[in-house]
Structure formats: C-alpha cells, structure tokens
2 protein chains.
Amino acid sequence: MNLQQLRPVRETVRCGFNLTEVARRLHTSQPGISRQIRELETELGVPIFARAGKRLLGLTEPGRKVLPLVERMLENAVNLKRCGDEFALQGHGTLTISTTHTQARYLLPRVVRDFRQAHDGVVLHIHQGAPQHVAQMLRSGDADIGIATDILTSYEDLVTLPCYRWSYCAVVPHGHALADGQPLTLERLAAFPLISYDAAYTGRTHIDEAFRQQGLVPNFIILAMNADVIKTYVELDMGVGIVASMAMEGRSAGDLVAVDASHLFEGNVTHIAVRRSAFLRAYEFDFITQFAPQLTRDVIEQAMHSAEPAA
Amino acid sequence: MNLQQLRPVRETVRCGFNLTEVARRLHTSQPGISRQIRELETELGVPIFARAGKRLLGLTEPGRKVLPLVERMLENAVNLKRCGDEFALQGHGTLTISTTHTQARYLLPRVVRDFRQAHDGVVLHIHQGAPQHVAQMLRSGDADIGIATDILTSYEDLVTLPCYRWSYCAVVPHGHALADGQPLTLERLAAFPLISYDAAYTGRTHIDEAFRQQGLVPNFIILAMNADVIKTYVELDMGVGIVASMAMEGRSAGDLVAVDASHLFEGNVTHIAVRRSAFLRAYEFDFITQFAPQLTRDVIEQAMHSAEPAA
DNA sequence: TATCCTTACGGAATTCGTAAGCATG
DNA sequence: CATGCTTACGAATTCCGTAAGGATA
C-alpha cells in the first residue's frame with residue numbers, strides 16, 4: 001500500500017468522479033490516476049468506485065466504508081509532516097484562518113497584531129467567506145482554524161469551542177429619530193426601512209425570530225454581506241442598520257451613531273473550530289488562546305480528545 | 001513520505017534501538033532499515049533518534065512527539081486493509097483473542113463454539129497469558145480482542161468494557177471439614193493451608209485484601225497460575241483451593257466440592273477490550289456480543305468513539 | 001575484537017508520462 | 001465526435017541487498 005494511491009481516491013470523490021479533473025488538480029497524468037486507483041482496489045480486493053463501462057459513477061458499498069479511512073490516513077500524513085515542521089522550522093510556518101467578515105474585520109486585527117509580534121516567522125493566511133464556507137475549508141484541510149458564528153457546531157469531525165457572546169446594535173445617522181436616547185424597541189425599529197445581513201450570515205435567524213415573536217414584519221430593504229456595506233447605505237440615509245455591536249465599537253464619534261439593541265435580539269456566540277483529528281502546532285494553540293483567553297492549551301486538547309456533547 | 005519508512009521507526013523503539021534486530025524482525029537488510037529511518041528524518045527535517053556516534057540511544061524530543069503519529073498511521077494502514085478484507089473475503093478472516101487462563105478455559109469454549117458455527121470461515125487464534133501480557137498484545141496489534149480482569153482499564157489507547165461480575169469459591173476434597181454445609185468464613189479458611197492464584201493473576205488483590213482487613217494472615221502454600229493446577233493440588237489433599245467460581249461450575253459432582261465464597265471476597269469484573277482506534281470487522285462485533293450480550297454493536301461503537309471516563 | 005551503524009555501488013523493480021485504443025453520450 | 005477511461009510501452013527513477021568502512025564498548 002502507498003500514500004500515493006490514497007490521494008487520488010479522496011480527490012476523485014471531491015471532483016465528482018472525473019479522473020481527468022483529478023489528474024489536473026493533482027498535477028499528474030490521467031492514466032497515472034487511473035492506475036493508482038486500480039492498484040489500491042486490487043490490493044484491498046474490493047472495488048471502491050462503481051463503474052458504468054469505462055465511466056466512474058460513484059462509490060461502491062465498500063468504497064463508502066473505505067473512504068473515511070483513506071481520509072484519516074491522509075490527514076495523519078499531514079499531521080506527521082506538521083509535527084516534524086514544528087521542530088524543524090522552529091516557529092516558522094503557515095497558519096490559515098478561515099472566517100467571516102465580521103470577525104476578520106473587527107475582532108481579528110488586534111489578535112493578529114499580537115500574534116505576529118509573538119510569532120514573526122509564521123505566515124498568516126486569512127480567508128473570508130460565509131459560515132458554511134468556513135466549515136468546508138476546515139473540513140477539507142484548506143484551513144487550520146475557523147472562526148464563525150453558530151453553523152460550525154453541527155459537524156462531528158470539527159471541534160467547536162465557544163469564544164464569546166455578542167449582540168446587535170442599530171446604526172443610524174447623526175440626529176436620527178432613533179438616536180434620541182430613549183431605549184430602542186422592536187416596534188420603533190420596525191417603523192423604519194431596515195438594512196442588515198443576508199440570511200446566510202452572522203446569526204440573522206435571531207433577528208427574524210425576534211420580530212416574528214412580536215408579530216412584527218420588519219421592512220428589510222437591503223440585505224448585505226457585511227457591516228461595512230450596511231454602514232455605507234446607512235450613511236446614505238437609506239434606512240436603519242442592524243449590525244453586530246463589535247462593528248460599531250469606537251465608531252460612535254463618526255457620522256454614525258450606534259444604539260444598543262442587545263435587549264431586543266438573542267445573543268450570538270462566536271465559535272472557533274479546528275479539525276478534531278488535526279495536529280495543532282504550538283503557535284496554533286497560541287493563536288486560539290490569544291483570540292479567547294479562556295481557551296488554554298489544556299482546554300483545547302481536552303475538547304479535541306473528548307466526545308461530542310451528545311451526537 | 002512512505003509507509004515503508006514508518007514501520008522501521010516503530011520497530012526500532014520496540015526493539016530497544018537495535019537496528020540489526022529490527023532488520024531481522026522485519027525480514028530485510030540492516031542498511032535498508034538505517035536508510036529508511038534517515039530518509040524519514042530528512043523528510044520531516046528533524047532527528048527522531050538520539051545517536052551517540054553511530055549508535056542509537058533513544059528518542060529525541062521531536063521523536064517522542066512523532067512516534068505516536070507514526071503508530072497511528074501504521075494502525076490506520078492496517079485498518080484500511082482490514083476494511084477491504086472484510087468485503088473481499090466475505091466472512092473469512094482471522095480473529096486473535098488474547099486472554100487469561102480462566103477465561104480461555106471456562107468462559108470461552110461456549111462462545112467459541114457458537115462463534116465458529118456462525119462464522120466458519122474465520123480462523124480463530126486464542127493466545128493465553130497474564131493480564132498485562134494481554135494488554136500488551138492488544139496494544140501492539142498482535143491481538144484483536146483482549147479478555148481479562150481489571151488490569152486493562154488503565155490504558156488510554158484501549159477501550160475496556162465490563163462484561164460480567166464473578167466471585168470466588170473454595171475447593172475441597174469430598175468429605176473435607178469445610179464441606180460441612182456451614183457457611184464459609186475467612187477464619188475457617190485461614191485455618192487451612194491455602195492454594196490460589198499467583199499475585200499477577202485474576203484479581204488476587206481482592207483475596208489478600210479480605211484477609212488483611214480481618215487481621216488474618218492466610219497460609220498460602222502454593223501459588224499457581226490457573227485453576228486446573230490449583231485443583232490438581234487440592235485433589236492431592238495438599239490444602240484448600242480458592243478459585244474463580246466459574247472454574248467449578250458443574251464440577252461439584254466429581255472428587256472435589258465447591259464451597260461458595262462470594263460473600264468473603266470482593267467480586268471481580270471481567271472486561272473485554274479492543275484498541276480504541278481499531279477498525280472492527282463485523283465478526284469481531286459478533287464475537288463480543290456473543291461473549292457479553294449487553295455489548296451490542298451500538299454500545300461498542302459508542303464506547304470507542306467517546307472519551308475516557310475521566311482520564 | 002565483536003557489535004553495530006554508515007557509506008558505496010550495481011542490479012532489479014517500480015513508477016510515470018506519452019501515445020494509442022476504445023466505449024459512451 | 002467529443003469526452004473520459006483503459007491499455008501499452010519505454011525511459012527515468014527509486015528501491016534494496018551485498019560488500020566494505022569506521023566507530024565504540
């Protein structure tokens with residue numbers, strides 16, 4: 001058996017069973033891929049892929065059983081390499097974070113600054129995307145650490161740790177009727193055209209839920225993907241923005257005013273996640289602890305090695 | 001990286017860092033071993049073994065970190081192969097049980113008979129040894145399933161499941177003073193020369209403990225490794241035997257009489273164990289369930305995938 | 001001096017890419 | 001006929017065992 005034979009198998013599934021594309025992705029020839037797959041199949045004694053004539057259709061029953069083991073194997077190989085690198089490169093390395101806009105824009109800068117100071121040999125990649133994209137990057141091994149709200153909790157192969165709780169605030173232009181110092185209510189909010197996050201993002205469900213429970217129908221006129229866009233439209237006086245409160249920290253001095261709305265909507269919890277079976281390098285532990293101080297190395301390791309809280 | 005490079009590393013540790021012996025054990029040449037180790041070290045970029053000149057002394061610090069990953073990798077390779085075999089051989093295969101004498105002699109026969117009936121293509125190996133030997137065979141991958149009392153509980157890489165509780169009985173020749181129908185007491189027992197298990201076996205600690213707590217000093221004249229030996233000496237009228245009660249089931253009709261002692265000594269629990277990261281074939285689940293009906297496939301899988309009950 | 005690891009070298013086996021073949025939508 | 005997988009073949013590489021070398025107890 002050979003690790004060379006495993007990569008094509010994993011990639012074939014990811015590429016929708018098109019060997020030509022697998023070859024392209026793995027930078028090798030298509031017959032090579034074809035052969036390695038068949039070699040593994042002969043060695044294991046079972047067909048992994050279902051074929052119609054010369055075309056691959058999907059996984060066979062043994063294939064479905066074998067695939068997770070193949071993936072585990074490949075992940076172990078990466079872990080082994082990483083473990084070596086940690087000592088070999090002594091603090092140098094790469095760290096890929098996948099996260100949503102809100103985190104990347106408002107929470108990470110401080111953490112990243114401190115992290116760079118402590119680990120100036122580590123090259124940091126920060127990917128930004130929708131929460132489910134974050135999860136996918138983590139699971140495929142394209143990212144080491146994922147930071148997002150909610151969504152990450154549902155995957156068994158990820159370990160998801162709560163970091164902190166946050167809530168929303170309304171954003172209005174200076175002198176707006178809602179900035180009169182009176183406490184905000186859902187009724188008052190619903191009277192204005194609203195601008196907030198698109199449904200796929202940042203716990204929008206909690207916003208909708210709050211209005212629904214009060215029997216109110218909010219008038220969302222723009223659904224944006226991040227707070228910067230929302231604020232831009234608010235500045236154009238197109239409506240009242242509802243954004244994560246950290247997007248307005250230290251911003252009330254500008255043209256916009258933040259009005260606390262934490263009592264109106266259920267709070268969201270930002271989570272940080274890693275692959276359960278990943279080998280974390282020392283600086284990865286450091287990063288996580290810097291992002292959420294209560295998540296010390298011990299806490300993280302314990303969470304990774306313990307089971308799901310009721311699967 | 002290559003699986004060929006990993007095996008020598010694991011074996012080197014097991015052989016006490018003697019490459020010549022590693023080569024012998026892996027049926028290859030010594031320079032080959034030497035090279036593969038160095039190749040892996042170069043690829044990882046760190047030395048795995050500490051060397052004094054040309055001699056290997058032990059693991060380096062990176063080596064200690066790398067070793068468990070190497071072992072996991074090799075185990076995964078075995079799992080993958082097994083997974084294939086399960087489909088390819090359709091019910092054929094091998095099952096290696098490592099267990100203590102008491103289990104092998106008195107409990108397993110019934111289970112093995114039923115198992116063979118259900119899986120006549122599976123070749124069954126039954127190894128017998130001391131409890132710690134059982135654990136060792138399991139951990140090294142030389143056995144698939146281990147059955148023993150107590151000891152197995154302490155390893156993190158093993159999943160240990162309780163099967164049933166048992167206790168002791170005294171064994172005396174027909175017409176012996178202790179076979180008078182009166183309930184047995186520790187005092188009465190201590191008055192006779194005793195024959196029981198060697199300290200390394202089958203929960204001897206509970207026997208010693210019971211006497212100690214009553215301030216009695218039992219007079220053990222023979223410490224044997226299994227009940228058959230003990231019974232032989234009892235038949236020669238050399239003393240009173242104390243054996244696991246299942247060793248006397250359906251035996252009171254012979255020359256020997258069993259006298260219940262379950263109220264005198266704390267009960268022992270027989271455990272069944274597998275490697276936590278093993279891939280269990282269908283017939284392995286079957287075997288376990290046949291040995292302990294409450295251990296269904298679901299129960300076993302849940303235990304394997306969940307964490308230790310407080311590490 | 002015996003043990004034990006490394007280096008050197010050459011033959012064997014494996015690997016891999018190109019080119020051609022063939023089935024299918 | 002375009003796409004997609006397999007087969008065929010030859011070059012390049014890798015692998016591996018034998019033999020010699022050198023260090024250490």
Side-chain angles (χ1 to χ4, degrees), chain A residues 1-60 62-63 66-67 70 73-74 77 80-81, chain B residues 1-60 62-63 66-67 70 73-74 77 80-81:
Chain A
M1 194 180 347
N2 200 325
L3 288 175
Q4 301 281 83
Q5 297 163 349
L6 303 183
R7 223 177 307 273
V9 169
R10 177 178 64 178
E11 210 60 31
T12 300
V13 177
R14 291 188 180 172
C15 289
F17 309 99
N18 181 330
L19 296 197
T20 311
E21 192 180 333
V22 172
R24 209 170 38 71
R25 283 231 226 169
L26 299 182
H27 309 104
T28 180
S29 73
Q30 184 272 318
I33 297 295
S34 206
R35 188 172 31 213
Q36 280 169 339
I37 288 177
R38 265 176 307 113
E39 269 173 20
L40 184 63
E41 287 181 323
T42 348
E43 171 147 1
L44 294 182
V46 288
I48 295 173
F49 296 107
R51 293 165 170 80
K54 295 196 165 186
R55 220 150 285 223
L56 299 200
L57 295 175
L59 288 164
T60 59
V66 159
L67 183 65
V70 167
M73 195 95 192
L74 288 168
L80 191 53
K81 187 81 189 72
Chain B
M1 192 180 349
N2 200 324
L3 288 176
Q4 301 281 82
Q5 297 163 349
L6 303 182
R7 223 176 305 275
V9 169
R10 177 178 65 179
E11 210 60 32
T12 301
V13 177
R14 291 189 180 172
C15 289
F17 309 98
N18 181 330
L19 296 197
T20 311
E21 191 180 335
V22 172
R24 208 170 38 71
R25 284 232 225 169
L26 298 182
H27 309 103
T28 180
S29 72
Q30 184 273 316
I33 297 293
S34 206
R35 190 173 29 214
Q36 282 169 338
I37 289 177
R38 265 175 307 113
E39 269 172 20
L40 184 62
E41 287 181 323
T42 341
E43 172 147 0
L44 294 183
V46 289
I48 295 173
F49 296 108
R51 293 164 169 82
K54 295 197 166 184
R55 220 151 285 221
L56 299 200
L57 295 175
L59 289 163
T60 59
V66 160
L67 184 64
V70 167
M73 195 93 190
L74 287 168
L80 191 53
K81 186 79 188 73

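Everything numeric here is computed off the predicted structure, so don't read it as measured data. Each chain gets a letter, A, B and so on, in the order the sequences are listed, and its residues count up from 1.
- Considering only residues two or more places apart in sequence or on other chains, B:Arg55 meets the side chain to side chain contact (heavy atoms under 4.5 Å, CB included) condition with none of them.
- Of all non-hydrogen atoms in A:Thr60 and A:Ala50, the two that sit nearest each other are CG2-N, 3.5 Å.
- At least one side-chain heavy atom of A:Leu6 sits less than 4.5 Å from a side-chain heavy atom of B:Leu80.
- Residue pairs meeting the side chain to side chain donor-acceptor pair (under 3.5 Å) criterion with at least one partner in residues 20-31 of chain A, sequence neighbours excluded, are A:Glu11-A:Arg25.
- You'll find the side chain of A:Phe17 stays beyond 4.5 Å of the side chain of A:Val22, heavy atoms only.
- To the nearest angstrom, C1' of D:dC16 lies 9 Å from CD of B:Gln36.
- Taking every heavy atom of residues 2-11 of chain A and every atom of DNA chain C, pairs under 4.0 Å involve A:Asn2, A:Gln4, by number.
- As rounded to whole Å, 17 Å separates atom C1' of D:dT14 from atom CE of B:Met1.
- Residues of residues 45-60 of chain A having a heavy atom closer than 4.0 Å to DNA chain C, listed by number: A:Lys54, A:Arg55.
- The stretch residues 16-32 of chain B touches DNA chain D through B:Thr28, B:Ser29, B:Pro31, each having a heavy atom under 4.0 angstrom from the strand.
- Interatomic distance, B:Ile48 CD1 to B:Leu40 CG, rounded to the nearest 0.5 Å: 4.0 Å.
- At whole-Å resolution of the value, CD in A:Glu39 and C1' in C:dA13 are 13 Å apart.
- Scanning both residues, B:Ala52 and B:Leu57, for their nearest heavy atoms gives CB-CD1, 3.5 Å.
- For B:Arg35 and D:dG17, the shortest distance from a side-chain N or O to OP1 or OP2 is not below 4.0 Å.
- Side-chain contact check for A:Thr12 versus A:Leu19: some heavy-atom pair is nearer than 4.5 Å.
- The nearest pair of heavy atoms linking B:Pro47 to B:Pro62 is O-CG, 3.8 Å.
- Listed by first and then second residue, the side chain to side chain donor-acceptor pair (under 3.5 Å) pairs that reach into residues 38-47 of chain A are A:Gln5-A:Glu39, A:Glu41-A:Arg51, sequence neighbours excluded.
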